[in-house]
Amino acid sequence: MSKIMDAKVLGVYPVAPATYYMELEAPDIARLAVPGQFVHVRCSDSQDPLLRRPISIHMVSRPKGVLALLFRVVGKGTELLAQSKVGDIINLMGPLGKGFTMPLPGSRVAVAAGGIGAAPLVFLVQELAHMKCQVTVYLGAKDKKSLLCDGQFEQMEAEVVIATDDGSLGYKGTVPGVMSKHADWKRTAITYMCGPKPMMRDIASMLAEADVPGEASLEEHMGCGIGACLSCATKISHHGEVTNKRVCADGPVFPSWQVVWE
Amino acid sequence: MSKIMDAKVLGVYPVAPATYYMELEAPDIARLAVPGQFVHVRCSDSQDPLLRRPISIHMVSRPKGVLALLFRVVGKGTELLAQSKVGDIINLMGPLGKGFTMPLPGSRVAVAAGGIGAAPLVFLVQELAHMKCQVTVYLGAKDKKSLLCDGQFEQMEAEVVIATDDGSLGYKGTVPGVMSKHADWKRTAITYMCGPKPMMRDIASMLAEADVPGEASLEEHMGCGIGACLSCATKISHHGEVTNKRVCADGPVFPSWQVVWE
Amino acid sequence: MRPNLQVNIGGIIMKNPVTTASGTFGFGPEYSPYLDINKLGAIVVKGTTLEPREGNITPRMAETPAGMLNSIGLQNPGADYLIEKYSPYFAGLTTKVIVNISGNTVEEYAKLAAKLDGVPGIAGLEVNISCPNVKMGGMAFGADATSAAEVTRAVKGSTNLPAIVKLSPNVTDIAGIARAVEGAGADALSLINTLLGMSIDIHRRKPVLGNIMGGLSGPAVKPVAVRSVWQVYQAVKIPLVGMGGIVTAQDALEFILAGATAVAVGTANFINPLATLEVVQGIEDYLIKQGISDITELVGAAHRS
Amino acid sequence: MRPNLQVNIGGIIMKNPVTTASGTFGFGPEYSPYLDINKLGAIVVKGTTLEPREGNITPRMAETPAGMLNSIGLQNPGADYLIEKYSPYFAGLTTKVIVNISGNTVEEYAKLAAKLDGVPGIAGLEVNISCPNVKMGGMAFGADATSAAEVTRAVKGSTNLPAIVKLSPNVTDIAGIARAVEGAGADALSLINTLLGMSIDIHRRKPVLGNIMGGLSGPAVKPVAVRSVWQVYQAVKIPLVGMGGIVTAQDALEFILAGATAVAVGTANFINPLATLEVVQGIEDYLIKQGISDITELVGAAHRS
Ligand SMILES: Cc1cc2nc3c(=O)[nH]c(=O)nc-3n(C[C@H](O)[C@H](O)[C@H](O)COP(=O)(O)OP(=O)(O)OC[C@H]3O[C@@H](n4cnc5c(N)ncnc54)[C@H](O)[C@@H]3O)c2cc1C
Ligand SMILES: Cc1cc2nc3c(=O)[nH]c(=O)nc-3n(C[C@H](O)[C@H](O)[C@H](O)COP(=O)(O)OP(=O)(O)OC[C@H]3O[C@@H](n4cnc5c(N)ncnc54)[C@H](O)[C@@H]3O)c2cc1C
Ligand SMILES: Cc1cc2nc3c(=O)[nH]c(=O)nc-3n(C[C@H](O)[C@H](O)[C@H](O)COP(=O)(O)O)c2cc1C
Ligand SMILES: Cc1cc2nc3c(=O)[nH]c(=O)nc-3n(C[C@H](O)[C@H](O)[C@H](O)COP(=O)(O)O)c2cc1C
Ligand code: FES
Ligand code: FES
């Protein structure tokens, strides 16, 4: 079974401003994927855009063999993806990368999601729910209408704490802002996070201060997506030694205290 | 009124192996075009393929504001055109180039068409029919199933003489071959031609020998399509002097005896 | 308030920083059915030589990934024809007209420069020492700092028109050549001319272009062009006209941020005859959005960030 | 009858003419989940230096029209690690493994060449004198005929392994450098390395790449690469490995017809991990269709048409 395949588009739906939910028929990925992994997507058959685009695995349905993606249109590649129609064939590589480290069943954990960073965390919370973990999601967005996945998290019986930049829903401010008002996350086994770098950097330092472990899902521009080209280097500090790790193959998930936040 | 416009696709139909008929809503082109002119078509919004593709005006319906194209899929650009769907928007420049010189009304004329070269000649015969000209079409193709536009020519009451390379319909052989058996074209006011270069070269020399005027529609790879870049040069001999003329702006139709056939 | 778009290219005052790349815009009238040429900062017309030239054999053009090869070979009606037939048209335009010149010898460049001096309607010369498509009068002069400087000196000594010297990217050290040309008196530099390239027809097993090699242009070359502008900006003080693959205002802004005072649109005209105007508009929109009152503030800004 | 695909690159016998471009295929194992590496004529592994290197700061990659810029900067675990960790893997492959080497000084190249001599599993060296992404040990050596020859001589004097010297396209006269390198004893040449380019982020008003400039690769550069192979084929007698923008067998055949005895697939691996195998298959199909019994008949055929 190869890690490269053609997948049929089952549906594409707008869910928020410039944000789309897509379902693909990809049974091998659905079967093998773990939360935090991604697929490397060929958005066009032409040479413009040339390269694949990394997109997190948002959800899978193993019985149905379905892979779901949630993505924001930011440029040519995601624009083409958003325009695809039911029945179109999209070439995928995956599942790629190392996912989140799962806690012991029944643990209490925190999840911090900013903007489109919510995408991979739905799959994570799904698995955490299966493991009967007690999950608090700190969910941030620009405003109410940009908020993503709140309903999904609630359905999975996570406690959801919302923060919006403009205060149009929940706490007015950022995710680290709302976390600093809540002490809950300090008593969890681990905090998982995905979102803008400044958000993750701030949370990472709060975690470090409180001496709580955390894992962050990072982004870097990617060439190969499988560890061969070294495009996606990120600085990771381990026992005081800083080395370049590959987001695609060594990550995208790294211990938050090891990430050299720049 | 600009010569550049977005045109809506009204229909795309396969009509022969790798050959498509397409209708576009383009009232300005329908109104202004004369037979032998072409449109310069943007086949994709991406930079691959980069350049426009020149396609002859196959037919127009002035009352309906419809432009029809007939094209063969040979590469990326024509492949994309063939894949377009009803409602798609295609950017066009046109009508471009100089068309055929029309004869006196009621004249007797010959038309020689080889393969996809039939495309612009349908529009021509349409106009000739309006002018009550007596038209003989020498129509060639590889085989019966590749033959194009025979029905259309017959509907316009042209006499149609068919030649196929494999003899699966009509005379077995080439268009110049069948013409050499017919003497009719020698008694016409002019012979119009469009098709592969060797075909046109042979007919041009037959015409020269018989001292009958002819006009040939040429092809060259094009950049701008409007005479600015000099990509599409072709050698034209005029009063013994050979100069480079632009197929896009000085042609695509040239007197067949002036073309330097190489 | 609308931002200032006016720039000065070695004495040629352009109302906005957008011009056309020589050889891609004919002499101007070809594009009149599509846009109001007077809305451009300047137009640079087809490469002109002392005598008329027929150019290279066909095919002269081949599409490549996000680019095209051309081997036109400077087909043009010659300087006398230009002066007689086109200069009255040029004189009637309110945009600036820059004539691109080439020669087989240094003397030919000088003669041509002298001949065009004082012709009404001509605002400046672009000295092409970088055409890859002709044996002489082309890239040979631009490939070497000494000969590039020699041509520049000869032109400057023969005319009062501002001279923009056009550089080739097919060199080891473009900054060194730029310095030599500046030292020889060039008023401005334009870059890049096309990259030397070729395609092979695998069915006929021979080169696609009649002339074998040709010049690569279009979006494909943009990264090389931006890099060249970046390097030359660090090497000289005279203004630069940046070009190579500009399709949109975003592309043009990359060149301006890298150090170009003006930009030229070439191959993109073939795809979108309105590209130049859209670039002008897009630059203005960007300035407004970013709260910048004068385009010249942006020139080379990426070096200072 | 199946045509002969075997070629000889300066003593390295490849079962077919298709290999991988250094830096785009890791050390091999990365691509094993996607294809059977032993079906390739050879693999060229990531650029290796005497000491481990961390490479350049990020961002290290930017997409461009039909191309990409990289400024990896030779991040690699060093020669000792390669020998210890990867050479047993190499020795277990039936395809040929070529190690791409770089150094800061001529001596480093020599030491590295000596060190890799006799290591099981290594069939040859590709000497990178053309990396645009490191201050030393890179393009500087390849930009000048004298230093290119010097590196070549030093390597050849230190090893019995066949040496393929990799040329830079960022030069005025690639054929001249090729001749100098051939004269210094190179067994084969590979070309092209990346074109020096850059992109600017117009929102942040600074270069996209952390290292400012990077190397342009992918389909965009193909015309420059084919032209380089064409020119170098006319200048030297040693075999050439052609690369730059190869995505399909058609692309590869352009290089072979221009004069390349073998070809390497680089950036295309990122888009389609099976690209190399598809190129092998497509070349074989073409030979059969054209009734050619031996690939070597095709090498440089476009010069003879
Ligand atoms: C491991 C990983 C998982 C991701 N998961 C998701 C997801 O689930 N949903 C989602 O909306 N986005 C996700 N992203 C970001 C997504 O890859 C980019 O938004 C996308 O590549 C942009 O492509 P474009 O052509 O639309 O934009 P352009 O800006 O035109 O892209 C130009 C180039 O930059 C690269 N690029 C641009 N932004 C990013 C970015 N943020 N990260 C990496 N490369 C980038 C593109 O891949 C391309 O090579 C993920 C990124 C990574 C690294
Ligand atoms: C004035 C004129 C009228 C034409 N009318 C028709 C028509 O009515 N129906 C039809 O099927 N074809 C017509 N052609 C040919 C048509 O333009 C080409 O088949 C088409 O450009 C091929 O594009 P592609 O991307 O499919 O092929 P590719 O081979 O991928 O094209 C690569 C490049 O070569 C150019 N090219 C390839 N073949 C030709 C050609 N024969 N002539 C000019 N450029 C070419 C393309 O435009 C492109 O720049 C006409 C050509 C000209 C010059
Ligand atoms: C068809 C064509 C003809 C050209 N003719 C000339 C010329 O006569 N003189 C010249 O200096 N440059 C000429 N050039 C080069 C362009 O002016 C420009 O430098 C180059 O195309 C890069 O810009 P672009 O990528 O925007 O096209 C020509 C380019 C093309 C495509
Ligand atoms: C990400 C990346 C890393 C590269 N690293 C090296 C290297 O270490 N050594 C080297 O000689 N060339 C290196 N190259 C250049 C390639 O080997 C090749 O010469 C170039 O990319 C052109 O081929 P392509 O267009 O098929 O990619 C690298 C290219 C890329 C894209
Ligand atoms: S994207 Fe190639 S190593 Fe990560
Ligand atoms: S295509 Fe540009 S002049 Fe004809």
Side-chain angles (χ1 to χ4, degrees), chain B residues 1-6 28 32 40-54 74-78 91-97 197 218-237 241-250 259-262, chain C residues 20-35 43 45-47 52-77 133 208-210 214 217-220 222 245 247-248 251 266-275:
Chain B
M1 195 225 37
S2 167
K3 286 180 98 175
I4 182 165
M5 70 212 71
D6 281 334
D28 289 343
L32 293 173
H40 213 25
V41 185
R42 186 92 194 266
C43 302
S44 151
D45 288 337
S46 89
Q47 294 179 344
D48 172 44
L50 183 68
L51 299 171
R52 290 173 180 265
R53 301 294 190 252
V74 301
K76 262 186 204 172
T78 47
N91 189 272
L92 299 178
M93 290 166 68
L96 301 178
K197 218 169 193 174
L218 304 186
E219 288 187 359
E220 277 298 336
H221 288 207
M222 289 186 180
C224 66
I226 59 170
C229 75
L230 308 181
S231 289
C232 63
T234 197
K235 287 211 176 81
I236 296 294
S237 161
E241 201 196 343
V242 176
T243 55
N244 277 315
K245 294 285 176 191
R246 301 160 303 177
V247 168
C248 69
D250 304 315
V259 176
V260 180
W261 301 98
E262 277 163 334
Chain C
T20 60
S22 176
T24 67
F25 208 72
F27 292 98
E30 295 86 345
Y31 277 94
S32 305
Y34 298 91
L35 62 112
I43 63 168
V45 300
K46 177 66 195 163
R53 287 203 196 173
E54 280 301 313
N56 290 325
I57 54 169
T58 50
R60 291 178 170 185
M61 199 281 282
E63 197 183 53
T64 68
M68 64 174 273
L69 289 165
N70 88 79
S71 59
I72 311 300
L74 292 180
Q75 179 181 337
N76 79 93
N133 290 322
V208 173
L209 297 177
S217 64
K222 193 181 65 172
V247 174
T248 64
D251 299 329
T267 302
N269 292 306
F270 307 159
I271 305 154
N272 175 13
L274 303 174

Original post:
Does a donor on one side chain sit under 3.5 Å from an acceptor on the other, for B:R52 and B:N91?
Top reply: yes
Original post:
Does the pair B:E220/B:K245 count as a salt bridge with the N-to-O cut at 4.0 Å?
Top reply: no
Subject >> chain C interface, residue from B:Q47, B:M222, B:E262, B:K235 that has the most non-hydrogen pairs under 4.5 Å >> reply: B:Q47
Original post:
chain B heavy atoms under 4.5 Å from C:I57: which part of the residue, side chain, backbone, both or neither?
Top reply: side chain
Original post:
Which bit of B:K76 is near chain C, if near means a heavy-atom gap under 4.5 Å: side chain, backbone, both or neither?
Top reply: neither
Subject >> C:E63 side, atom CD; B:S231 side, atom OG - distance, nearest 0.5 Å >> reply: 11.5 Å
Subject >> Proximity breakdown for C:T58 and chain B, heavy-atom pairs closer than 4.5 Å >> reply: side chain
Subject >> Closest non-hydrogen atom pair, C:P273 against B:I4 >> reply: CD-CD1, 3.4 Å
